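Each remark here refers to the structure printed beneath this line.
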Amino acid sequence: MSFDSLGLPEELLRAVKEQGYTEPSPIQTQAIPVILEGKDVMAAAQTGTGKTAGFTLPLLANLIDGESAKSNQVRVLILTPTRELAAQIHESVQNYGKNLPLRSAVVFGGVKINPQMQLLRRGVDVLVATPGRLLDLYNQNAVRFKQLEVLVLDEADRMLDMGFIHDIKRIISFLPKQRQNLLFSATFSNDIRKLAKGLVNNPVEISVSPRNTTAESVTQFVYEVDKTKKSIVLTTLIKQENWKQVLVFSKTKHGANRLTKQLEARGIRAAAIHGNKSQGARTKALAAFKAGQVTVLVATDIAARGIDIDQLPQVVNFDLPHVSEDYVHRIGRTGRAGNVGEAISLVCNEEFKLLKDIEKLIKKVIPRKILAGFEPGTPLPVSVLDTRESKPSKPKKARVGHRDGQRSGAGTGSRQKQRSSRNNFVG
Ligand code: AMP
């Protein structure tokens, strides 16, 4: 299969070639023709599958023929949970759309709103936005949706996790009823299905690399270690193995800061990114990590979401995540697009239950190692794979005839909690 057979115009094929892509990824092969036809799509796809090009390329193609955006109007709205992800999607829109006379912009919180208002004044064909800032702009009359043709919800599961459901529904209520809807989510929980019912209309369902499997290109290990020895074991591994670029996941912001300080004190250049860091500090840390000036980037799950670093060789779970699916997301940061990667988890006895849940989800027992000199005082029990079926998580067919701003009935208690956590990340 080549890009040429997907029905994309020549301007886009040229841009794709310049990116160095030789053939479309599975999600691109499936999504591009369907989106070109103007159909709604519900796709189960994680970051790293090439989904951004999967929706951006056909959307740009469809924009070529229509009337360009008038003052303060938007034709394609892409909503996404974090600033980092918004910036990355916008970069893709610019790269793929470089040969087309289309205008695009990205807006997110944590930075001044005035320059964004100015950008929108001329109208933009494609707007990438985080929900909170988009609502602020709407409330200030800086953006209008009369010309809106397509709504994309990217990483919908994360948006719900971060408490954006209410904001998303408000935004949807402002949009014209007649439009194309694309919903991308790594997982299809009940909440996502409820959201989808009020959103997509007779969607084409796409699911790539069966969810919750981990890529073959990622080698996984568990290091058995006592809790108090994790930091010194990590330091030793980094030095012994001469790791140059390591993304480390920490459960908490506080833990991320503490570990960063410990690594620095032992002569390893490290930086932390999490929701309490300013946008400037996060951008700076990511840039230093990408440039190789910082060896270790310690991140919380939400801050790390969507970080796209080509050929990231090493991912470390300093703590195991409480939600097993997050393990799959985390290690999906490495071994991308044909590169090999290694994901190691430092696991103490107290985390055995979490490890068991993860192994059940990914349907394999992760090989164990012990670092010489750091044998755990309390060893981990032996894993026996639990082969009972987990709940199905494929996207289900949404009911036809339910569109636009319909309430999903999410619990208000959890919404309150989620909204306050959302405020930490996107202004
Ligand atoms: P995404 O899943 O959209 O975050 O994309 C993951 C990575 O794959 C990005 O770095 C893209 O530049 C890259 N990519 C997207 N499509 C292709 C392709 N067809 N061939 C090779 N790399 C690709």
Side-chain angles (χ1 to χ4, degrees), residues 1-8 12-33 35-36 41 43-61 76 78-98 104 106 126 128 152-159 182-187 206-211 213-218 245 247 286-287 289-290 299 301-313 315 325 328-341:
M1 174 64 82
S2 81
F3 273 104
D4 297 354
S5 55
L6 292 175
L8 290 168
L12 289 168
L13 292 176
R14 236 186 316 137
V16 163
K17 279 207 185 83
E18 284 169 35
Q19 289 294 310
Y21 306 163
T22 47
E23 55 179 51
S25 68
I27 186 137
Q28 291 163 0
T29 312
Q30 293 177 61
I32 290 173
I35 299 175
L36 279 175
V41 166
Q46 295 169 9
T47 300
T49 52
K51 69 184 161 82
T52 314
F55 63 76
T56 307
L57 289 167
L59 289 181
L60 291 174
V76 169
I78 303 173
L79 287 180
T80 185
T82 66
R83 307 157 188 187
E84 284 81 6
L85 204 50
Q88 278 163 20
I89 294 175
H90 186 237
E91 207 181 306
S92 298
V93 170
Q94 286 180 313
N95 284 339
Y96 304 136
K98 63 201 264 194
S104 65
V106 58
V126 182
V128 188
V152 182
L153 294 188
D154 190 33
E155 310 245 344
D157 49 346
R158 281 289 147 158
M159 286 205 273
L182 312 178
L183 178 78
F184 287 80
S185 188
T187 55
I206 297 173
S207 177
V208 291
S209 74
R211 205 175 73 68
T213 57
T214 44
E216 292 296 319
S217 52
V218 182
Q245 198 182 36
L247 178 60
L286 189 58
F289 183 60
K290 281 189 177 185
D301 283 292
I302 293 178
R305 184 76 180 172
I307 290 178
D308 181 22
I309 301 162
D310 285 339
Q311 302 175 31
L312 186 61
V315 167
E325 275 93 353
V328 181
H329 290 309
R330 286 178 175 190
I331 78 165
R333 313 281 97 197
T334 182
R336 287 187 181 190
N339 297 301
V340 287

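Atoms within a ligand are numbered from 1 in the order they appear, just like the ligands themselves. As the structure is a prediction and not an experimental result, all values here were calculated from the model.
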Which part of Phe3 is near ligand 1, with near meaning a heavy atom under 4.0 Å away: side chain, backbone, both or neither?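 Phe3 to ligand 1: side-chain contact only, backbone stays beyond 4.0 Å.
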Quick one: are Phe55 and Val76 in side-chain contact, heavy atoms under 4.5 Å?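 In short, these two side chains do not touch, never coming nearer than 4.5 Å.
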Side chain proximity check, Asp154 to Lys51, heavy atoms < 4.5 angstrom: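 Yes; the side chains approach each other to less than 4.5 Å.
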So for ligand 1, is Gly50 a polar contact partner (N or O within less than 3.5 Å, distance only)?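 Yes; at least one N/O pair falls below 3.5 Å.
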Backbone or side chain, does any N or O of Tyr21 fall under 3.5 Å from an N or O of ligand 1?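 Yes: some nitrogen or oxygen of Tyr21 is under 3.5 Å from one in ligand 1.
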Distance under 4.0 Å to a non-hydrogen atom of [X]: what atoms of ligand 1 satisfy this?
X	answer
Lys51	1 (P), 2 (O), 3 (O)
Thr52	1 (P), 3 (O), 4 (O)
Glu23	18 (C), 19 (N), 20 (N)

Using a 3.5 Å cut-off and no angle test, enumerate the donor-acceptor pairs between side-chain atoms of residues 14-21 and protein atoms at least two apart in sequence or in another chain.
from: Arg14; atom 1: NE; to: Glu10; atom 2: OE2; distance (Å): 2.7
from: Glu18; atom 1: OE1; to: Lys98; atom 2: NZ; distance (Å): 2.5
from: Tyr21; atom 1: OH; to: Tyr96; atom 2: OH; distance (Å): 3.0

Is there a donor-acceptor pair under 3.5 Å between the side chain of Ser104 and the backbone N or O of Val126?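 No, the answer is negative, given that no donor and acceptor are paired below the 3.5 Å cut-off.
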Counting only N and O atoms by type, is there a donor-acceptor contact under 3.5 Å from the side chain of Gln245 to the main-chain atoms of Phe289?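 A pair under 3.5 Å: yes.
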I'd like to check the side chain to side chain donor-acceptor pair (under 3.5 Å) partners of Thr56; sequence neighbours left out, ordered by chain and number.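 None.
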From the candidates Glu155, Gln88, Gln28, Glu91, the one that places a heavy atom nearest atom 16 (N) of ligand 1: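 That would be Gln28.
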